[in-house]
2 protein chains.
Amino acid sequence: MGKKVKPESCGLGPAFEVIAGKWKGLLLWLLHLQPRRFGELKRLVPDVSEKMLIQHLREMEADGLIRREVFHEMPPRVEYSATELGISLDNALEPLANWGKKHGAEIAARRSEA
Amino acid sequence: MGKKVKPESCGLGPAFEVIAGKWKGLLLWLLHLQPRRFGELKRLVPDVSEKMLIQHLREMEADGLIRREVFHEMPPRVEYSATELGISLDNALEPLANWGKKHGAEIAARRSEA
DNA sequence: TAGGATACCCACCTTTAGGTAAGAATTGGG
DNA sequence: CCCAATTCTTACCTAAAGGTGGGTATCCTA
């Protein structure tokens, strides 16, 4: 019994570190579909506050998941897009998203029973 | 341009609702390997507090991811194991875990540069 | 009868994630 | 000269997540 197991060998740690945050998964998904500017993201995710929107975008940029491109126009324009690394993460998230689509109703039902 | 997009169609929402929590991913991974009793889990994840350990286990049980079996022995014994649903979620998490194993070092490096 | 092992339960506290609302920089147009 | 549009920025606050340290119940064994 009781084989020895290293928790780190699970591998979820680093992935969660990078994608944890209320809106990051959704933002990455949106940006992997197509580049978007700040205002677009704000409209597409109407419940996010501006503060969290930039904060999450900045962190994802720092982690190399997305890139930020500034166009020196007036009015100003900033476009965010997914990097290769970001796309690879989004791909790794797809099975999870499918699981959510498949079992979301079941979960919600079980929770409302409570 | 600017196709209309429904954020819900991403599908990550329900999945994150169920797996969010500092230790849930790791716990599910451990329990999909083999059933474990409370004390074993506590030893395998030494940084988790007892409070969070049961709290997470209880929530995962309520969500149908794991099952809890009580053996009326002395000293008492409670065994937790993954359900079908839990196993399916763990499978959906595997690509994410692989992503973490592959890019964890890269992420950590980028973060320590800061 | 005291102590040990196991699996909890609880009250309290700290930390952190996230929200609100206001304001600032840019620069072209009226 | 003032205003508008866009992308932030900042100070402050709330709520939720998680940690700490103690206590409880059970029954077996010494």
Side-chain angles (χ1 to χ4, degrees), chain A residues 1-2 7 12-13 15-28 30-31 34-63 65-81 111 114, chain B residues 1-2 7 12-13 15-28 30-31 34-63 65-81 111 114:
Chain A
M1 45 189 160
L12 284 174
F16 272 23
E17 248 177 71
V18 138
I19 205 61
K22 197 166 176 183
W23 311 100
K24 283 186 183 176
L26 180 54
L27 288 173
L28 185 60
L30 286 170
L31 292 178
Q34 68 184 270
R36 297 283 193 181
R37 39 195 306 194
F38 182 83
E40 279 183 299
L41 292 171
K42 201 176 126 182
R43 278 186 292 276
L44 287 167
V45 191
D47 286 347
V48 73
S49 66
E50 285 192 3
K51 178 196 158 198
M52 290 316 296
L53 185 50
I54 2 168
Q55 185 175 314
H56 280 170
L57 288 171
R58 287 278 151 84
E59 287 168 3
M60 292 167 78
E61 189 197 1
D63 283 331
L65 300 178
I66 64 175
R67 122 192 60 227
R68 175 173 178 272
E69 199 176 352
V70 180
F71 297 84
H72 294 283
E73 310 170 352
M74 194 49 53
R77 176 171 162 217
V78 179
E79 219 173 66
Y80 294 90
S81 55
R111 290 196 166 188
Chain B
M1 42 186 161
L12 285 174
F16 272 20
E17 248 176 70
V18 138
I19 206 60
K22 198 165 174 185
W23 311 100
K24 283 187 183 176
L26 180 54
L27 288 172
L28 185 60
L30 286 170
L31 292 178
Q34 69 181 271
R36 296 283 192 182
R37 39 196 305 194
F38 183 83
E40 280 183 298
L41 292 171
K42 202 177 126 180
R43 279 186 293 276
L44 287 167
V45 191
D47 286 347
V48 73
S49 64
E50 286 193 2
K51 178 196 159 197
M52 290 315 296
L53 185 50
I54 2 170
Q55 184 175 313
H56 280 170
L57 289 171
R58 287 280 152 83
E59 288 168 3
M60 292 166 78
E61 190 197 1
D63 283 331
L65 300 178
I66 63 175
R67 121 190 66 232
R68 175 174 178 272
E69 199 175 353
V70 181
F71 296 85
H72 294 283
E73 309 170 354
M74 194 51 51
R77 178 172 162 215
V78 178
E79 219 174 67
Y80 295 89
S81 55
R111 290 196 166 189

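In what follows, every heavy atom counts, from backbone to side chain, and hydrogens, waters and symmetry copies are set aside. Convention: sequence-line order gives letters A, B, ...; per-chain numbering from 1.
B/His56 comes within 4.0 angstrom of the backbone, heavy atoms only, and of no base.
Residue B/Leu65 holds its CG atom at 10.0 Å from CG of B/Leu31, rounded to the nearest 0.5 Å. Summarising the geometry, atom CG belonging to B/Leu53 is positioned 10.5 Å from atom CZ belonging to B/Arg58; distances are rounded to the nearest 0.5 Å. Here the straight-line distance linking atom CH2 of B/Trp23 with atom CG of B/Asp47 works out to 5.0 Å at 0.5 Å rounding. The distance from the CG atom of A/Asp63 to the CG atom of A/Leu28 is 11.0 Å, given to the nearest 0.5 Å. Atoms NZ and CG, from B/Lys24 and B/Leu57 in turn, are 9.5 Å apart once rounded to the nearest 0.5 Å.
B/Leu26 pairs in a side chain to side chain contact (heavy atoms under 4.5 Å, CB included) with only one of the listed residues (B/Leu44, B/Val45, B/Val48), which is B/Val45. Checked against B/Arg36 for a side chain to side chain contact (heavy atoms under 4.5 Å, CB included), the options B/Leu27, B/Ile66, B/Leu41 give a single hit: B/Leu41.
Counting heavy atoms from C-beta on, the side chains of B/Glu79 and B/Glu40 never come closer than 4.5 Å.
For the pair B/His72 NE2 and D/dC27 P, the interatomic distance rounds to 10 Å; values are reported in whole Å. If you measure from atom NZ of B/Lys22 to atom C1' of D/dA16, you get 14 Å, rounded to the nearest angstrom. When the C1' atom of C/dT16 is taken as reference, atom CE of A/Met52 falls 10 Å away, rounded to whole Å. Rounded to an integer number of Å, the gap from A/Gln55 CD to C/dA17 P is 8 Å. Rounding to whole angstrom units, CZ of residue A/Phe71 and C1' of C/dT26 are separated by 17 Å. Between the C1' atom of D/dG18 and the NZ atom of B/Lys24 lies a distance of 13 Å, rounded to the nearest Å.
For the helix from C/dT1-D/dA30 to C/dG30-D/dC1, the end axes, each set by the C1' atoms of five terminal pairs, are bent relative to each other by 30° (nearest 10°).
Across all their heavy atoms, A/Arg68 and A/Tyr80 have their closest contact at NE-OH, 3.4 Å.
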Between the protein and nucleotides 4-10 of chain D, list the N/O to N/O atom pairs that are separated by less than 3.5 angstrom.
from  : atom 1 : to      : atom 2 : distance (Å)
D/dT6 : O3'    : A/Arg37 : NH2    : 3.3
D/dT6 : O3'    : A/Pro76 : O      : 3.2
D/dT7 : OP1    : A/Arg37 : NE     : 3.1
D/dT7 : OP1    : A/Arg37 : NH2    : 3.2
D/dT7 : OP2    : A/Gly39 : N      : 3.0
D/dC8 : OP1    : A/Arg58 : NH2    : 3.0
D/dC8 : OP1    : A/Arg68 : NE     : 3.4
D/dC8 : OP1    : A/Arg68 : NH2    : 2.4
D/dC8 : OP2    : A/Tyr80 : OH     : 2.7
D/dC8 : N4     : A/Glu50 : OE1    : 2.4
D/dT9 : OP2    : A/Arg58 : NH1    : 2.6

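Contact annotation: B/Trp23 side-chain N/O to D/dA17 OP1/OP2 distance is not under 4.0 Å.
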